[in-house]
There are 2 protein chains.
Amino acid sequence: MKIDGIDKIIIKMLVKDARTPVLSIAREVGISGAAIHQRLRKLEKSALIDGYRMTINPKSLGYNTTAFVGVFLDSSSLYSSAIKRLKEIPEVVESHYTTGNYAIFIKILCKNNEDLMHILNKNIQNIKGVSRTETFISLDQQIDRQISI
Amino acid sequence: MKIDGIDKIIIKMLVKDARTPVLSIAREVGISGAAIHQRLRKLEKSALIDGYRMTINPKSLGYNTTAFVGVFLDSSSLYSSAIKRLKEIPEVVESHYTTGNYAIFIKILCKNNEDLMHILNKNIQNIKGVSRTETFISLDQQIDRQISI
DNA sequence: ATTGAAACTCACAAGGT
DNA sequence: ACCTTGTGAGTTTCAAT
């Protein structure tokens, strides 16, 4: 899969705004909309494009607290059952099986510290095999981006 | 800002595919395209919708390794200069100022372990004020989603 | 808040180089 | 393999309800 300058413009414009019309891109590049359309189909088939998503602003829903939680498991054999339970907690937006001290490392979005405490104590600590957790609260996020092309 | 069932369908369809035509949504809910269009404009103005983004598949570019790195800073006064340097490293896709042991907590996407080592040793450890780092490599990601509406 | 119609813009299949 | 044309489909505005 080789990507030329035109493809890069297509990708750059759609990463910024996924609803940009193909013809706007066409005008920018200087070729027809159909040509852009064809290139886009090829990029989509090539698996380079994962999809187009609307992103919701969590703050507008009152979700003002981001936290990372390292989860200790009694036994790694409990991993898949723990994941199943974590999927049922909507505030858990990412989960990773990581090297290092923790068995599972998760990212949580919640409304405030009280809400976070509730999720930790009632939802996560109750999961079978979870012995202990360590929490890092994000006070400020300065970088949030995709890998560059 | 109040959100009814129709808004939820609009949001749900666009979260899944941001390029879904307004008329497809209109057919799904059974009202006119103009009505959907008007609701969408209102949702966009309300800040609930953050934007529409194309997502790139990092694996298709050879980025197969995700890691979290806790960064220790000599002094918290070096925070903003360190962030400035971190922004120059394209592999750093997230940065947080966190409570707990670390001053800065970052997420890195890189091609392989050798690449990761290079970024840690040459790029991050070289930043003024960075004394030490702790790295967690993600071996498996099971959850990756947005906050639900 | 929703509609239908008008004017405009776009997407995509078919065909040309 | 890459491009343009043509046309059916989609978007957007607006007066009316």
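Reminder, nothing fancy here: chain letters follow the sequence lines and each chain counts from 1.
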Sorted by first residue and then second, give each salt bridge (charged side-chain N to carboxylate O under 4.0 Å, His left out) pair with at least one member in residues 57-77 of chain B; sequence neighbours left out.
none

Run the side-chain donor-acceptor check on residues 80-92 of chain A: report pairs under 3.5 Å with partners two or more places apart or on a different chain.
from  : atom 1 : to    : atom 2 : distance (Å)
A/S81 : OG     : A/L78 : O      : 3.0

Taking only residues two or more places apart in sequence or in another chain, which ones pass side-chain contact (heavy atoms from CB on, under 4.5 Å) with A/S24?
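A/S24: side-chain contact (heavy atoms from CB on, under 4.5 Å) contacts with A/T20, A/P21, A/R27.
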
side-chain contact (heavy atoms from CB on, under 4.5 Å) involving A/I149 - partner list, sequence neighbours excluded:
A/K8, A/I11, B/I56, B/L61

Cluster partners of B/Y102, using ILVMFWY side-chain heavy atoms under 4.5 angstrom, listed by chain and number?
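Result for B/Y102 is A/F68, A/F72, A/Y102, A/F105, A/F136, B/F68, B/F72, B/F105, B/F136.
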
What distance separates [X] [atom1] from [Y] [atom2], expressed to the nearest 0.5 Å?
X: A/S95; Y: A/I104; atom1: OG; atom2: CD1; answer: 7.0 Å
X: B/H96; Y: A/I143; atom1: NE2; atom2: CD1; answer: 9.5 Å
X: A/D50; Y: B/R53; atom1: CG; atom2: CZ; answer: 14.5 Å

Would you grab the first and last nucleotide of DNA chain D (5' to 3') that comes under 4.0 Å of any non-hydrogen atom in chain B?
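Range of nucleotides within reach of chain B: D/dG10 to D/dT13.
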
Would you say that more than 12 heavy atoms from the other residues, nucleotides or ligands in this model lie under 6.0 Å from the OH of A/Y97, or not?
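12 or below, so no.
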
Contact between [X] and [Y] at the side-chain level, heavy atoms closer than 4.5 Å - yes or no?
X: B/L48; Y: A/N57; answer: no
X: B/I106; Y: B/I124; answer: yes
X: A/L43; Y: A/I3; answer: yes
X: B/R39; Y: B/D4; answer: yes

Can you list, by residue number, the residues of residues 43-57 of chain A that have a non-hydrogen atom closer than 4.0 angstrom to DNA chain C?
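Under 4.0 Å from DNA chain C: no residue of residues 43-57 of chain A.
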
Mind running a 4.0 Å heavy-atom check of residues 12-23 of chain A against DNA chain D and sending the residues that fall below it, in number order?
none

DNA chain D contacts made by residues 25-39 of chain A, counting heavy atoms under 4.0 Å:
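Under 4.0 Å from DNA chain D: A/I31, A/S32, A/A34, A/A35, A/Q38, A/R39.
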
Let me check something: any side-chain donor-acceptor pairs from residues 31-38 of chain A under 3.5 Å, sequence neighbours excluded? List them with distances.
from  : atom 1 : to    : atom 2 : distance (Å)
A/S32 : OG     : A/A35 : N      : 3.2
A/H37 : NE2    : A/R41 : NH2    : 3.2

Test: side-chain hydrogen bond (donor to acceptor under 3.5 Å, both in side chains). Region: residues 107-117 of chain B. Which pairs qualify, not counting sequence neighbours?
A/E94-B/K107

Taking the axis from the first five pairs and the axis from the last five, what angle separates them in the helix from C/dA1-D/dT17 to C/dT17-D/dA1, rounded to 10 degrees?
30°

Looking at every strand, decide which applies to A/K42 at a 4.0 Å heavy-atom threshold: base, sugar-phosphate, or nothing.
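Contact class for A/K42: sugar-phosphate only.
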
